[in-house]
Amino acid sequence: MEKSEHVMMIGAGAERFAKMKDIELVDPSYFYTETRFKQLQQIKDKEKTQLDHDGGTGSNENIFIEGKKFGTVGAVALDAYGNLAAATSTGGMTNKRYGRVGDAPIIGAGTYADNSSCAVSATGHGEYFIRAVVAHDIAALMKYKNYTVKKAADEVVMKKLVDFGGEGGVIALDKNGNYAMPFNSAGMYRGVIKNGKAEVSIYKD
Ligand code: ASP
């Protein structure tokens, strides 16, 4: 972001650029974990994909089993100067096709930040989040329709996304520090830190 004028670079070109800029690269084996490998073996013969935090049922209901909470890490933040930022890291979908791109890196789908509206990071079935342009839609409702962050996030996650058939949720934060964390799945691991106080939750409030 600081070393080129581009917004997004991928694949071999991005790796070549990273090397040129002396960014540390690791071997793919660095990302290997036994649990994820086993999940892949279990689903490999089926023409199916699965969220890495699914329990295997295709719904998120088993993510609450002890030791099964891995997958997306998303963050949104507001600094003292009013700058909003969002970041999303994902394990993607297990058994996805080679070359499949999820919503996490796509600006406006799984990740978005704009100082005039809000910062959003999403988790869930990426194909639907891309189709519904979830993160930008929340920002647009705030910007053009003056929705609060809660109303905008609820509208997109609990109505539009549900109509599309997409399961998941978002964390969203506005320029005044108001936030919303709606999800249409059984639960979503989430936390907030405000004025030095941390709170975490899994199920609906
Ligand atoms: N949204 C991600 C994807 O579809 C999955 C996740 O929630 O981590 O790739």
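Counting starts at 1 for both ligands and their atoms, in listed order. For clarity, every value in this text was computed on a predicted model and none was experimentally measured.
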Would you check the N or O atoms of Thr72, main chain and side chain alike, for any that come under 3.5 Å of an N or O of ligand 1? yes
Element-labelled atoms of ligand 1 that are located less than 4.0 Å from some non-hydrogen atom of Thr123: 6 (C), 7 (O)
Which label fits His136 and Tyr112: parallel for a plane angle under 30°, tilted from 30 to 60°, or perpendicular past 60°? perpendicular
For Thr90, the ligand 1 atoms with a heavy-atom partner under 4.0 Å come out as 2 (C), 5 (C), 6 (C), 8 (O), 9 (O)
Taking atom 4 (O) of ligand 1 as the point of reference, which of Gly110, Pro105, Ser121, Gly126 owns the nearest heavy atom? Gly126
Report the part of Arg100 (side chain from C-beta onward, or backbone N, CA, C, O) that has a heavy atom under 4.0 Å from ligand 1; answer both or neither where that applies. side chain
Can you tell me how far the SG atom of Cys118 sits from the NZ atom of Lys175, to the nearest 0.5 Å? 10.0 Å
Do ligand 1 and Ala104 have nitrogen or oxygen atoms that lie under 3.5 Å from each other? no
Is there a heavy atom in Lys96 that sits closer than 4.0 Å to ligand 1? no
Is it the case that the side chains of Thr111 and Ser121 hold a donor-acceptor pair, with the cut-off being a distance below 3.5 Å and no angle test? no
Ligand 1 to Gly124, heavy atom cutoff 4.0 Å, flagged ligand atoms 1 (N), 2 (C), 3 (C), 4 (O), 5 (C), 6 (C), 7 (O)
Side-chain donor/acceptor of Arg131 to backbone N/O of Gly166, under 3.5 Å: no
Honestly, is Lys3 close enough over Phe17, meaning NZ or CZ under 6.0 Å from the six-membered ring centre and within 45° of the axis? no
Please examine the side chains of Ile171 and Val120, heavy atoms only from C-beta on, and report whether any two atoms are closer than 4.5 Å. no
